[in-house]
Participant: 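Here it is: the structure, laid out below.
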Amino acid sequence: MNERQIVLEVNGKEYKLTVKPNELLINVLRERLGLMGTKYGCGVGECGACTVLMDGNPVLSCQMLALSASGSKITTIEGIAQNGRLHPLQEAFLDEGAVQCGFCTPGMILSAKALLDKKPNPTDMEIKEAIRGNICRCTGYINILRAIKTASLKLSERSR
Amino acid sequence: MEKRDYHYLGKDFPRKDGFARVTGKEVYPSDVALNGMFFGKILRSPHPHAKIKSIDTSEAEKMGAVCITYRDVPDKYFNVRLVSVPRSTYMDWQILSNKVRQVGEPFAAVAAETEELAQRAAESVKVEWEILPSYLNTEDAMNATENLIHDHVYLEDEKIEIKNNIACMRELTEGDVTAGFKEADVIVENEFVTPRVYHCQLEPRSSVCKPEPDGGVTVWPSTQALHNTRILIGELFDIPLNKVNVVRVTGGGHFGSGIHTNRVILINVALALKAGTPVKIIPDREGDIYEHCRYPVRYTLKVGAKKDGTLVAGEMKALVDIGSHHIQAFAFLGVLVGWWHSLYRCKNLKYKGIAVYTNKAPSCAMQGYGAPQVTFGVETTMSMLAEKLGMDYLEFRLKNYVGLGETFWGQGPTVRSTIRSDGVEELITRGAELIGWNNRQPPEKKTGRYRRGIGMARGFHTSGTGAPVPGEVKDYTTAMVKINEDGSVDVLTSLMDQGGGTLDAAAKLVAEELGVPFDKVGISPADTRSTGYDVCTHATRGVYCGGGAVLEVARKAKEVLLEYASRILEAPVHALKTRPDLEREQGEVYVDGMEEKSITIAEVAQTAMNNDWGTAIFAKSHRMIACPPAFTTFFVEVEVDTETGRVTIERVVAGSDAGVVINPSLARGQIHGGFYRGAGMALLEDTHYDEKTGRLTNLGLLTDYKMLGPEDLPDEEHFQTFFANTYEPTGPMGAKGIGEAALNPVPAAVASAIQNATGIWFTKLPILPEDIVKALRQKKEGIATFEPEKDKNHTIEREFLKIRSF
Amino acid sequence: MSSSRIITQDFDYIKAVSLGEALESLAKDGARVFAGGTDLLNKIKTARDNPKLLVDITGIEELKGFSFSEGCLLIGAAVRLSFLEDEKVITERYPALHEAIKSLGSVQIRNMATLAGNLCNASPIADTAPPLMVYDAEVEISRLHNTRIEKRIISLKDFFTGPGQTVLQKGEMVTGVRVPEPMASSGAAFGKIARVTMDLAKVNCAVWLKREEAVVAEARIAVGGAAPVPVRVEKVEKALAGMRPSSKRISQAAALVGENLSPISDVRSTAKYRTDTASVLIRDTFFPAWKRSGGEEITDE
């Protein structure tokens with residue numbers, strides 16, 4: 001009932017979808033578009049595993065109705081690498097041992113990307129604030145913080 | 001055997017599974033998608049203790065859903081954890097039962113084409129309950145004589161009557177404790193309480209099952225135990241094991257919650273078999289949180305020492321609240337005494353442990369399997385004894401710790417081996433230097449609102465549960481190593497990697513042994529049909545036991561390779577060696593001393609194939625015959641705000657004796673992670689139940705299950721890690737474990753630092769700001785130990801007195 | 001039973017393009033204002049609410065307003081917290097509000113949630129409530145009368161009526177928050193005690209001071225988490241008024257806070273701890289507020 005048409009641009013590709021008002025963005029991304037990199041972790045906005053970028057800003061796809069995302073540009077973890085080349089954040093997460101079980105990694109990288117897009121040279125405190133909404137239960141965060149720092153250095157070298 | 005220069009060991013490479021994980025392509029159980037797949041939903045009890053009088057699923061069926069209740073599943077008793085031998089495995093589980101024993105216990109399940117339909121169908125099921133009296137604490141449980149949580153359980157074929165909700169007991173005596181205490185110049189006795197921590201692995205424990213046309217099933221579960229899961233499914237559903245295929249999928253965190261086969265998996269199989277189509281279950285967080293938690297332990301510990309610091313006697317009485325079901329509490333009672341026994345040398349010991357059922361989530365292993373609980377009390381007691389004797393903490397520990405040449409109990413009293421590598425002194429000495437132990441001031445010297453304190457604790461975890469003589473616990477791994485026709489290598493094993501890098505370590509060992517470049521070694525996808533038995537990744541056994549087995553198999557495969565090469569190079573096998581040729585990105589075989597005489601491994605493999613000699617391949621099961629302790633020591637500096645009770649962790653120095661370190665950055669990651677979870681256990685994490693409703697007071701929502709965040713933890717600059725320079729002679733290329741050891745002493749170290757800041761020993765975890773404020777108030781009245789609140793009727797002593805058999 | 005994975009309740013959804021349309025829809029049975037959704041969707045997921053219609057107001061131009069003029073800050077109901085946290089006007093002139101917003105949830109939550117939503121959720125521990133209360137903020141409430149939009153303004157301190165409850169009547173919605181410009185020689189700060197950094201408060205507070213020379217001319221203090229609604233603690237305010245601050249005198253005044261509180265024990269803390277630390281928090285928050293008012297450093301005397 002009450003189905004509506006929405007248009008979503010996900011990772012640069014446009015999708016026209018029919019959704020019901022009660023459908024959550026996370027379930028549309030995962031079940032309809034097959035983008036399984038967006039994870040369900042808590043369902044109440046605490047863990048950040050479902051983080052996606054909406055018009056460049058990190059939001060929680062499990063706290064968002066698909067309808068209210070209509071017309072926006074969504075980036076998921078699958079849309080970060082360009083032409084098969086990993087984003088510097090992805091490389092840094094690998095190089096610094098910032099990935100353990102990996103379940104938080106997609107949301108974590110997206111939060112970090114939004115930060116670096118806005119602030120290419122963040123302070124340690126700014127990095128911590130930026131990822132406070134992404135729970136990692138494995139790493140104790142240290143290697144993650146280092147990876148984000150490494151990526152920020154790499155990106156600023158590149159832009160020089 | 002000794003240390004040598006390695007090509008790959010001790011060096012960092014991007015983890016092999018990492019590419020998939022940073023690109024969102026890794027497939028976790030919740031990501032498995034199959035044609036025609038239904039979505040399953042579990043119905044969970046709203047009552048802590050009740051019987052189903054009637055259950056009506058007709059509405060759900062009208063909606064097109066497939067439903068199962070206790071009537072639709074095999075009526076068999078079992079235990080979800082198959083790590084111990086059958087004689088030590090109490091069985092009180094059924095896949096679904098007409099009785100529920102905790103809020104959140106599954107009692108039925110539905111599957112439908114979409115998750116929404118399944119959820120609606122689940123909501124339409126009507127149940128009439130007969131409410132039973134519930135027991136939300138051990139005292140109420142042990143007072144009960146009727147309406148017990150379980151009337152009887154099974155041990156193999158033996159039916160065991162349950163009395164007073166006591167699930168099992170265990171005791172141990174060595175020497176003469178009474179005589180020992182008589183020799184003591186000082187005695188310290190305290191009661192310790194540790195919390196019911198939730199694993200909070202980020203992925204709720206999920207499962208996918210596909211019924212196969214031959215009557216079998218393929219399962220993609222969240223588990224640490226591939227083969228045990230297969231065996232359990234085969235037994236319960238009467239399917240021959242060759243038709244039960246359990247596939248290795250990466251789990252989104254385990255921390256011990258996947259050693260047992262979570263009931264979700266079994267419900268998933270039952271649903272899929274009834275539906276005749278694949279079914280996926282992803283529990284919601286508020287369901288998962290009722291499925292597992294860390295064993296909470298309440299125990300008294302009394303230890304006596306002589307003036308010179310020699311320990312003369314010790315007595316421990318432990319009460320474990322295991323919740324609604326037995327996930328191997330018998331083994332757990334065994335390790336409680338085992339860890340204590342192996343921490344400090346003491347001739348006269350007495351131990352009694354009781355496990356009690358309550359109407360709460362079943363408790364199970366979580367990183368450390370009782371060691372953080374026991375280490376907290378033992379380390380606190382050692383520091384108290386040292387203080388009483390006027391000895392330095394470190395000196396006291398160095399005098400008494402169980403080390404080189406002594407016996408280590410790797411998994412309770414039945415798994416023992418001799419310690420052959422021991423970095424304890426190095427860990428303590430170097431850690432002390434780095435933290436500035438000698439400048440540490442006693443609490444009396446601290447004034448003002450914000451007080452700093454430095455504390456320390458040491459501990460260990462076993463590396464696996466191997467031993468010269470097998471005990472209660474199974475321990476072996478099976479692997480196959482195959483050298484491909486292009487010189488690359490496939491490693492096939494059912495060993496699980498929980499994220500710590502176990503499989504990368506295995507690949508490095510193979511690369512090192514065969515002399516092939518690391519990136520030429522591949523870890524094959526694994527399932528139970530294509531691999532031999534592996535007990536599971538628990539007990540910090542991944543690198544030591546799993547890696548040990550893989551290395552052993554690689555050696556055997558290398559023998560085959562060298563035999564082929566000797567035919568080509570016309571040199572005897574014993575004269576041949578291998579090494580990686582990084583320019584050609586190939587391994588090569590060469591004649592020792594005549595290095596110009598060489599051939600690439602690819603050429604050997606191709607020649608062997610073209611001449612019909614065969615493939616250089618080997619498969620075998622391998623058991624390690626020791627359980628070496630992986631030692632750790634933590635020095636922690638905290639700042640306590642004496643007005644709000646807030647504790648800030650300012651600095652950490654963590655030393656680990658892991659033998660030869662294989663993946664340095666991942667190993668450091670283990671230490672960081674272990675500290676983070678240990679500090680959470682020390683300062684924050686716990687679960688409570690509402691005594692009236694039997695529900696969790698956090699309602700199952702992470703809003704109120706808090707964990708330390710990046711802003712609450714010290715950053716890298718203030719978190720030093722170092723590794724002892726040791727070599728484990730029984731280990732694969734000198735390695736032993738690290739994982740659980742990275743957490744075990746942490747709560748004790750944090751408590752020690754808080755004591756140094758405030759002058760108060762806290763014997764209950766977590767140490768909440770509320771407790772600190774209260775304790776500081778009491779301290780003004782002269783009380784220096786903040787004990788767990790003792791309800792007059794609720795002491796261990798009283799509860800133990802009720803047990804006549806003790 | 002419900003699930004945090006999925007919503008099964010059926011409701012309709014409208015993305016209103018004008019305030020009139022929104023108000024018209026809100027008059028319907030079971031209609032709810034939907035802005036960031038971070039609180040409302042959780043209530044739906046945990047079966048604490050069962051709306052029939054969600055009225056999405058985030059597309060209404062006039063509710064996206066943000067202005068600072070004629071001595072008044074106006075924040076439209078559709079303005080998200082992340083927009084506010086970087087606003088120079090707020091950082092410079094309303095630092096207590098800035099601090100509260102920064103401490104609220106995560107980046108993701110603030111990218112979704114609105115200031116008005118934080119208030120309308122009416123949690124006793126809403127982080128933005130204490131600073132807005134001490135800044136003497138007012139809430140603009142709109143409703144439809146026949147076809148005309150009617151507005152009423154009420155002081156924020158009269159807005160909350162209980163946990164999760166406000167003065168809002170059926171068909172009404174908050175359309176904006178007005179905050180007068182702080183007067184010269186005044187200063188304010190926000191404080192919070194929680195289990196971890198990203199958390200709901202056990203207790204939070206805001207202290208606003210008007211300074212005259214070396215004396216506190218007027219104090220406004222609001223505390224959250226220690227009563228059914230965020231409250232102004234008049235006992236402490238009175239005790240501070242006219243005071244030449246010293247550590248000891250501030251402590252003595254802050255200690256009176258208990259008389260204005262009625263905290264409960266729950267999963268996050270105990271009633272006793274809340275009362276005890278509320279006074280510590282007020283004292284700790286006094287210092288930055290005093291400094292911001294231009295006051296000299298306070299010594300222990």
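The analysis underlying the following values was restricted to heavy atoms, covering all of them including side chains, and did not include hydrogens, waters or symmetry mates. Chain naming here is simple, since letters A, B, ... match the order of the sequence lines and numbering starts at 1 in each.
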Participant: Out of curiosity, A:Tyr40 OH to B:Asp284 CG, how far, rounded to the nearest 0.5 Å?
Facilitator: 5.0 Å
Participant: Would you say B:Arg677's side chain and A:Cys138's backbone share a donor-acceptor pair under 3.5 angstrom?
Facilitator: yes
Participant: Any chance you could lay out the side-chain contact (heavy atoms from CB on, under 4.5 Å) test for B:Arg285 and A:Glu46, step after step, and finish with the verdict?
Facilitator: CA-CA 11 Å; B:Arg285 178 61 66 186; A:Glu46 289 287 328; over 6 Å; no
Participant: Counting only non-hydrogen atoms closer than 4.5 Å, does A:Leu86 touch chain B with its backbone (N, CA, C, O), its side chain (CB onward), both, or neither?
Facilitator: side chain
Participant: Mind ranking B:Asp17, B:Val27, B:Thr23 by heavy-atom pairs under 4.5 Å with chain A and telling me who comes out on top?
Facilitator: B:Thr23
Participant: Within a reach of under 6.0 Å around CD of A:Glu9, are more than 12 heavy atoms found that belong to other residues, nucleotides or ligands?
Facilitator: yes
Participant: Between A:Leu94 and B:Phe19, which heavy-atom pair has the shortest distance, and what is it?
Facilitator: CD2-N, 3.8 Å
Participant: Would you name the heavy atoms of B:Leu713 and A:Lys128 that are closest together and state the gap between them?
Facilitator: O-NZ, 3.6 Å
Participant: Side chain, backbone, both or neither: which part of B:His254 has an atom under 4.5 Å from a heavy atom of chain A?
Facilitator: neither
Participant: Pair A:Lys20, B:Glu116 - check salt bridge (charged side-chain N to carboxylate O under 4.0 Å, His left out), show working.
Facilitator: CA-CA 11 Å; A:Lys20 295 192 303 170; B:Glu116 187 181 343; 2.8 Å; yes
Participant: So which atom in B:Ile282 and which in A:Arg30 form the shortest heavy-atom distance, rounded to 0.1 Å?
Facilitator: CD1-NH2, 4.4 Å
Participant: How close do A:Ile77 and B:Gly24 get, counting heavy atoms only, and between which atoms?
Facilitator: CG2-CA, 3.5 Å
Participant: Once you round to the nearest 0.5 Å, how far does CE of B:Met707 lie from SG of A:Cys136?
Facilitator: 10.5 Å
Participant: Look at B:Pro664, B:Pro204, B:Gly501 and state which one has the largest set of heavy-atom pairs under 4.5 Å with chain A.
Facilitator: B:Pro204
Participant: Given heavy-atom pairs under 4.5 angstrom as the criterion, report whether the side chain, backbone, both or neither of A:Glu91 touches chain B.
Facilitator: neither
Participant: What part of A:Met125 is in contact with chain B, defined as an atom under 4.5 angstrom from a non-hydrogen atom: side chain, backbone, both or neither?
Facilitator: side chain
Participant: Please classify the contact of B:Leu708 with chain A as side chain, backbone, both or neither, using a heavy-atom distance under 4.5 Å.
Facilitator: backbone
Participant: Is there a donor-acceptor pair closer than 3.5 Å between any side-chain N or O of B:Arg21 and the backbone N or O of A:Thr105?
Facilitator: no
Participant: Verify salt bridge (charged side-chain N to carboxylate O under 4.0 Å, His left out) between B:Arg15 and A:Glu96, making sure each step is shown before the conclusion.
Facilitator: CA-CA 10 Å; B:Arg15 57 187 304 150; A:Glu96 302 292 354; over 6 Å; no
Participant: About how many Å separate CD of B:Glu115 and CG of A:Leu24, when rounded to the nearest 0.5 Å?
Facilitator: 9.5 Å
Participant: Which one wins on heavy-atom pair count under 4.5 Å against chain A: B:Phe255, B:Phe675, B:Tyr705, B:Phe719?
Facilitator: B:Phe255
Participant: Give, as side chain, backbone, both or neither, the part of B:Lys16 having an atom under 4.5 angstrom from any heavy atom of chain A.
Facilitator: neither
Participant: Distance from A:Ile135 atom CD1 to B:Cys200 atom SG, nearest 0.5 Å?
Facilitator: 6.0 Å
Participant: Any side-chain to backbone donor/acceptor pair from A:Glu78 onto B:Lys25? Under 3.5 Å, distance only.
Facilitator: no
Participant: Answer with side chain, backbone, both or neither: which region of B:Thr250 has an atom nearer than 4.5 Å to a non-hydrogen atom of chain A?
Facilitator: side chain
Participant: Identify which part of B:Asp31 has an atom lying under 4.5 Å from any heavy atom of chain A, answering side chain, backbone, both or neither.
Facilitator: both
Participant: Closest heavy-atom contact between B:Tyr28 and A:Cys101?
Facilitator: OH-O, 2.6 Å
Participant: Measure distances from A:Asn22 to the heavy atoms of chain B and classify the residue's part below 4.5 Å as side chain, backbone, both or neither.
Facilitator: side chain
Participant: At a heavy-atom distance under 4.5 Å, which candidate from A:Gly97, A:Gly45, A:Gly102 has the highest pair count against chain B?
Facilitator: A:Gly102
Participant: Go through the atoms of A:Cys47 and report whether side chain, backbone, both or neither lie under 4.5 Å from a heavy atom of chain B.
Facilitator: side chain
Participant: We want to know whether B:Gln670 and A:Gln100 form a side-chain donor-acceptor pair, criterion being a heavy-atom distance below 3.5 angstrom.
Facilitator: yes
Participant: With a 4.5 angstrom heavy-atom cut-off, is it the side chain or the backbone of A:Ile109 that approaches chain B, or both, or neither?
Facilitator: side chain
Participant: Using a cut-off of under 4.5 Å for heavy-atom pairs, which of A:Val99, A:Ile142, A:Asn143 has the most such pairs with chain B?
Facilitator: A:Ile142
Participant: Taking all atoms of both residues into account, what is the closest heavy-atom pair of B:Leu702 and A:Val44, and its distance?
Facilitator: N-CG2, 4.2 Å
Participant: Is a donor on one side and an acceptor on the other found under 3.5 Å between the side chain of A:Arg132 and the backbone of B:Glu711?
Facilitator: no
Participant: I'd like to check the salt bridge (charged side-chain N to carboxylate O under 4.0 Å, His left out) partners of A:Lys119; sequence neighbours left out, ordered by chain and number.
Facilitator: A:Glu126
Participant: A side-chain contact here means heavy atoms from C-beta on lying under 4.5 Å apart; do A:Tyr141 and B:His672 qualify?
Facilitator: no
Participant: For the side chain of A:Arg146 and the backbone of B:Glu716, is there at least one donor-acceptor N/O pair under 3.5 Å apart?
Facilitator: no
